[in-house]
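To keep things clear, I will list the structure first and then write my remarks on it.
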Amino acid sequence: MAEKQFAKNKLRNIGIAAHIDAGKTTITERILFFTGKTHKLGETHEGASEMDWMEQEKERGITITSAATTCYWDDIKINIIDTPGHVDFTAEVERSLRVLDGAVAVFDVSAGVEPQSETVWRQANKYNVPRLAFMNKMDKMGADFLKSIESMQQKLGVKGTPVQYPIGSEEKFQGVIDLVEMKALIWEDKDDNLQYVTAEIPENMKEDAELWHHNLVEVIAEANNDLMHKFLEGEELTVEEIKFGIRAMTIDGRMYPVFCGAALKNKGIQPLLDGVRDYLPAPTDIPPMVGTTPEGEEQIRKPEDKEPLSMLAFKVMIDKHIGKLVFARIYSGVLEKGSYVYNVNKDKKERISRIMRMHANKREEVETANAGDIIGIAGMKDTITGDSVTALNAPLFLEAIDFPEPVIAVAVEPKTKEDMDKLGESLRKLQDEDPTFRVTTNDETGQTIISGMGELHLEIICDRLKREHKVEVNIGKPQVAYKETITGKAGEDFKYAKQSGGKGQYGHVVIEIEPSELGAGFVFVDDIKGGKIPKEYIPAVEKGCFESLASGVLAGFPVVDVKVRLYEGSYHDVDSSELAFKLAGSMAMKAAMHKATPIILEPMMKVLAIAPDGYEGSVMGDLSGRRAKITGTESKHGAKEIECFVPLGEMFGYATDIRSMTQGRGTYSMEFAHYEPLPRNFWDDIRK
């Protein structure tokens, strides 16, 4: 079917991101309703939301996969990706932000900036995504608009600039003052609040409104010299000039406009959509995509249809009707149904059998898709998340997506013989969908090990195995992803020589190892002078050294952050080979690691525990018993927030423990922070 074409400046690719339970999915639901995409309002907590379509999402009332949808507001087309707030699914947020042009950051106005909001905000900073902030739940007990704006400054280090000011709060929340046009928008609590009325600003709020209007104008005067000049001369700025200033400053990342409302009561959604239209960028407003050709040259691709096709696959979904569905953002050119494209990462040709415009898990087929668009594609066999896909004659690598390493693993085994055959295939499909989910086999025990970002992540994977793939598994005890490193410097002179009738093997290396910088990984320095080891054998030594890091000398965990310098050695004209030097490198490395004061590292989690007043003592005592390092506490609305770092190994089953300590009222959130040395007295426990 032919689809209405939109000019590039009328397109918005936005994400809705926030802490769990801030109301992202409810806001997306309301946006779909008000843009005419749905005709019934679904509630997340009733398991009836349109965007949370997976069974597990409906049961738990949380978002797990980023659902993509398209809707229309006034004369613009909006592609929305609703992202999860739970930290175990942080990769979903990461990959969504990578392909979006703008985002709406949602905050629970009674809680302000929460830990996961900080994580999402940092991820958005990484990709320079312009943002609007929406202070949701203005009708909730404890709603505090100004305190939430203050918490943006304290926790995110940015100044939120209100473009709206609430009229009333908690159960008295009626509407907002539009600080741009200086008028009141009132929802009268009838007919489901589907319409608002425009009114004069209430008398008792005029002074506040003038103050915040002046604050807004002062901020946007910095957008350009003309506005600054007019502002300094004391002239009134027109509504058009104010909107121009907000848009320019927001796209530059110099301003974060703040809206407010109560999505569940349908208050504040239409003005937020106007904000998306007026202030967030179109694909033409942001810098063009820069890629690298296979030859290593940089190339710019503008978001224009006449440019060669280039797109990034940012998500893979296995659909029971269609099979593999690849979500992609088109950065340049036009994609046509039935055409062939080139996967640059896999060096393979792929056929586009169907192109789909997505609406949560429903879809409509289209013949073509244009630069700037986000679409679903069926028919691609080898493409996975992070792959660059281009026109056959114009290959280009686009910036890939960084995903965190898994921190927790469990062993799984099929319950029956029939399940055994299906397990491998099902796990491969789930791995295709989720880049933070890994599947490995333990060489010693032959067990299948699955790794992920947290207990909930692996629980949902196993649940999906059972429901979608009809595979029943037994699950082992969670295993923490410990690592090893070295803390000292050591050298090793190692000669690998084997003689067994005919050609022998000979490789001789002298290496020195020391810790590399934190996070630098494996660093190899070739310091061989005068051809003591021929050039062609150096990569073999490097490979041997690198492969030996797969299991450390203390407990067999992977080794990180080691620098190796190869500076001496010798070879034999006849007996030397790549294999001999690889083995020499590997064995020298193992021997040197024993001498370089090796230690075991454990993953530390950033934890925020919320204990109702009266229970904070027992919660803090329990955390101390888990080796927590408490970094701060704050009192909020009858509860104490405790921020701390706790080893992951101490946090299993914590959800149940905190509930039993607080009569079911305590909650917590946790995300991976960094690795730290494991105290020596725990080494024997984890070697067992």
Side-chain angles (χ1 to χ4, degrees), residues 405-413 438 440-455 458 474-490 492 513-516 518-519 521-522 545-564 586-607 620-630 644-658 670-688:
E405 286 290 311
V407 291
I408 179 173
V410 296
V412 292
E413 54 185 40
R438 307 276 165 84
T440 52
T441 305
N442 183 319
D443 294 336
E444 289 167 26
T445 61
Q447 281 178 309
T448 301
I449 309 289
I450 59 172
S451 318
M453 300 309 298
E455 280 184 283
L458 296 182
N474 294 319
I475 303 159
K477 223 171 105 231
Q479 303 290 317
V480 178
Y482 293 104
K483 293 191 172 168
E484 294 184 25
T485 190
I486 55 169
T487 54
K489 211 173 185 177
E492 182 64 35
I513 66 170
E514 62 183 313
S516 64
L518 201 64
F522 173 66
C545 292
F546 176 70
E547 285 181 2
S548 70
L549 299 181
S551 75
V553 294
L554 289 174
F557 296 117
V559 183
V560 292
D561 301 337
V562 175
K563 181 178 178 181
V564 182
S586 173
M587 291 168 174
M589 193 74 184
K590 282 275 191 238
M593 281 195 288
H594 277 288
K595 302 179 195 168
T597 325
I599 57 166
I600 297 174
L601 301 170
E602 63 179 344
M604 299 294 287
M605 309 304 279
K606 184 179 178 185
V607 174
M620 284 175 85
D622 176 74
L623 284 167
S624 298
R626 295 172 189 267
R627 299 193 283 129
K629 293 176 185 166
I630 292 170
C644 54
F645 291 104
V646 193
L648 173 62
E650 303 283 351
M651 289 300 286
F652 294 135
Y654 186 62
T656 315
D657 294 348
I658 190 169
M670 141 171 125
E671 63 179 297
F672 170 69
H674 54 269
Y675 272 89
E676 262 184 31
L678 173 74
R680 201 169 280 264
N681 50 322
F682 289 96
W683 285 12
D684 288 339
D685 295 347
I686 65 163
R687 283 168 166 165
K688 284 172 186 166

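Any value given below was found using the heavy atoms of this structure, including those in side chains, with hydrogens, waters and symmetry copies removed.
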Flag the pair [X] / [Y] as yes when at least one side-chain heavy-atom distance between them is below 4.5 Å, and no otherwise.
| X | Y | answer |
| --- | --- | --- |
| Phe652 | Lys477 | no |
| Ile449 | Arg438 | no |
| Ile686 | Phe557 | yes |
| Val564 | Phe522 | yes |
| Leu648 | Tyr482 | no |
| Cys644 | Lys629 | no |

Partners meeting salt bridge (Lys or Arg N to Asp or Glu O under 4.0 Å) with Glu413 (sequence neighbours left out): none
Just to verify, what does Glu492 make a salt bridge (Lys or Arg N to Asp or Glu O under 4.0 Å) with, not counting sequence neighbours? Lys595
If we ignore hydrogens and angles and just use 3.5 Å, is the side chain of [X] paired with the main-chain N or O of [Y] as donor and acceptor?
| X | Y | result |
| --- | --- | --- |
| Glu484 | Pro598 | no |
| Thr597 | Thr487 | no |
| Trp683 | Ile599 | no |
| Glu547 | Ser586 | no |

All ring pair (Phe, Tyr, Trp, His ring centres under 6.0 Å) counterparts of [X], not counting sequence neighbours:
| X | value |
| --- | --- |
| Phe682 | none |
| His594 | none |
| Phe645 | His674 |

Enter the distance from [X]:[atom1] to [Y]:[atom2] here, rounded to the nearest 0.5 Å.
| X | Y | atom1 | atom2 | result |
| --- | --- | --- | --- | --- |
| Lys483 | Leu678 | NZ | CG | 14.5 Å |
| Ile408 | Met651 | CD1 | CE | 11.0 Å |
| Ser551 | Met593 | OG | CE | 7.5 Å |
| Ile658 | Leu623 | CD1 | CG | 7.0 Å |
| Tyr675 | Leu518 | OH | CG | 12.0 Å |

Side chain to side chain contact (heavy atoms under 4.5 Å, CB included) partners of Ser516, counting only residues at least two apart: Ala520, Val523, Asp561, Lys563
Charged N to carboxylate O under 4.0 angstrom, Arg627 versus Glu676? no
Closest non-hydrogen atom pair, [X] against [Y]:
| X | Y | answer |
| --- | --- | --- |
| Val562 | Met589 | CG1-CE, 3.7 Å |
| Phe672 | Pro603 | CE1-CB, 3.8 Å |
| Leu458 | Ser451 | CD2-C, 3.8 Å |
| Val560 | Thr485 | O-OG1, 2.8 Å |
| Ala490 | Ala592 | CB-O, 3.6 Å |
| Pro679 | Glu602 | CD-OE2, 3.9 Å |

Is atom CZ of Phe546 surrounded by more than 12 heavy atoms (other residues, nucleotides or ligands) closer than 6.0 Å? no
Can you check side chain to side chain contact (heavy atoms under 4.5 Å, CB included) on Asp657 and Arg626, steps first, answer last? CA-CA 12 Å; Asp657 294 348; Arg626 295 172 189 267; 2.6 Å; yes
